[in-house]
Amino acid sequence: MKTVSYNGLTFRPFITSAEISERIGAIAAEITEQYCGQNPLIVCVLNGAFPFAADLFRALGCDAEIAFVRLSSYVGTESTGEVRQVVGLTEPVEGRPVIVVEDIIDTGRTMEKFLGDLRAMNPSDIKVATLLFKPESLKADIHPDYIGFTIPPKFIIGFGLDLDGKARNLRDIYVLADENE
Ligand code: IMP
Ligand code: MG
């Protein structure tokens with residue numbers, strides 16, 4: 001695999017599509033075992049999680065439903081910590097398990113705020129599935145239940161992750177190359 005360039009930055013291959021598929025299959029098998037028969041709702045956090053959510057959803061071995069939310073970035077200062085649901089969750093959630101699907105958890109602040117909103121809707125259970133997790137960047141009290149890959153705090157693109165809206169359609173994941181690479 002070759003390096004790719006966006007906005008004058010060079011990225012090198014990091015995780016292959018085959019490795020991604022394998023991890024998604026394993027996570028889907030776990031979710032299937034734990035939630036089959038309970039009518040789980042998969043909640044995909046737009047935009048970045050859509051390829052992960054699509055593959056995960058299709059790999060589930062039982063009936064499930066999918067819904068989409070889109071969360072805004074912070075409004076105002078960090079201390080107000082407001083995360084708005086730009087596209088909100090309208091599906092009924094009360095009494096059923098919800099699995100929130102994210103592309104990446106970095107500081108965890110977006111997820112922390114969204115989970116607060118979700119808890120108020122009284123699902124029977126809430127789980128967080130993230131394709132990528134940067135534990136060294138974490139600044140919120142978030143413990144993802146299903147993790148595709150734990151990675152160092154470097155900037156990555158591909159498989160839904162973007163640089164200024166670009167590179168989401170890459171099948172593999174790439175990491176920003178160090179200047180001396
Ligand atoms: P946080 O966990 O609230 O800090 O925010 C996570 C969001 O920041 C993700 O949903 C991504 O949209 C974005 N993000 C964090 N790290 C990266 C990265 O390495 N590449 C691309 N987007 C990222
Ligand atoms: Mg995201």
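Atoms within a ligand are numbered from 1 in the order they appear, just like the ligands themselves. Please read these numbers as outputs of a predicted model, since none were measured by experiment.
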*Asks:* Between M111 and ligand 1, which residue portion shows a heavy-atom distance shorter than 4.0 Å: side chain, backbone, both, or neither?
*Replies:*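 Answer for M111: neither.
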
*Asks:* Any heavy atom of G48 closer to ligand 1 than 4.0 angstrom?
*Replies:*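 Outside the 4.0 Å threshold, so no.
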
*Asks:* Assign the ring pair F155 / F11 to parallel, tilted or perpendicular, where the plane angle (0 to 90°) is split at 30° and 60°.
*Replies:*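 Rings of F155 and F11: tilted, as their planes differ by 30° to 60°.
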
*Asks:* Taking the minimum heavy-atom distance to atom 5 (O) of ligand 1, which of I156, T110, L132, N47 ranks first?
*Replies:*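 It is T110 that holds the nearest heavy atom.
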
*Asks:* Could you check if a side-chain atom of I173 sits within less than 4.5 angstrom of a side-chain atom of L131, using non-hydrogen atoms only?
*Replies:*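 I173 reaches L131 side chain to side chain.
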
*Asks:* To which of K134, E112, K139 does the heavy atom nearest atom 19 (O) of ligand 1 belong?
*Replies:*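 Selected option, by shortest heavy-atom distance: K134.
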
*Asks:* Should you measure from each heavy atom of D162, which atoms of ligand 1 turn up under 4.0 Å away?
*Replies:*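 So the answer, numbered in order with elements, is 21 (C).
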
*Asks:* Is it true that the side chains of N7 and D164 contain a donor and an acceptor less than 3.5 Å apart?
*Replies:*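 Judged by distance alone, the side chains do pair up.
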
*Asks:* Taking side chain as C-beta onward, heavy atoms only, is V100 less than 4.5 Å from V98?
*Replies:*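 Yes; the side chains approach each other to less than 4.5 Å.
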
*Asks:* Counting heavy atoms only, name the option from L161, T130, I157 that's nearest to atom 22 (N) of ligand 1.
*Replies:*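 Result: the heavy atom closest to atom 22 (N) of ligand 1 is in L161.
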
*Asks:* Please classify the V45 to ligand 1 contact at 4.0 Å (heavy-atom distances, strictly less than): side chain, backbone, both or neither.
*Replies:*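 The answer is neither.
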
*Asks:* Evaluate the side-chain proximity of L176 to L163: yes if any heavy-atom separation is below 4.5 Å, no if none is.
*Replies:*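 No, side chains not in contact.
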
*Asks:* Give a yes or no on this: more than 12 heavy atoms of other residues, nucleotides or ligands lie within 6.0 Å of atom CD of E22.
*Replies:*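 Open.
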
*Asks:* Are D103 and F159 side-chain neighbours, meaning at least one heavy-atom pair lies under 4.5 Å?
*Replies:*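 No, too far: nothing below the 4.5 Å cut-off.
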
*Asks:* By number and element, which atoms of ligand 1 are closer than 4.0 Å to a non-hydrogen atom of G108?
*Replies:*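 That gives atoms 1 (P), 2 (O), 3 (O), 4 (O) of ligand 1.
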
*Asks:* Within a distance under 4.0 Å of any heavy atom of K154, pick out the atoms of ligand 1 and give their elements.
*Replies:*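 What qualifies from ligand 1 is 19 (O).
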
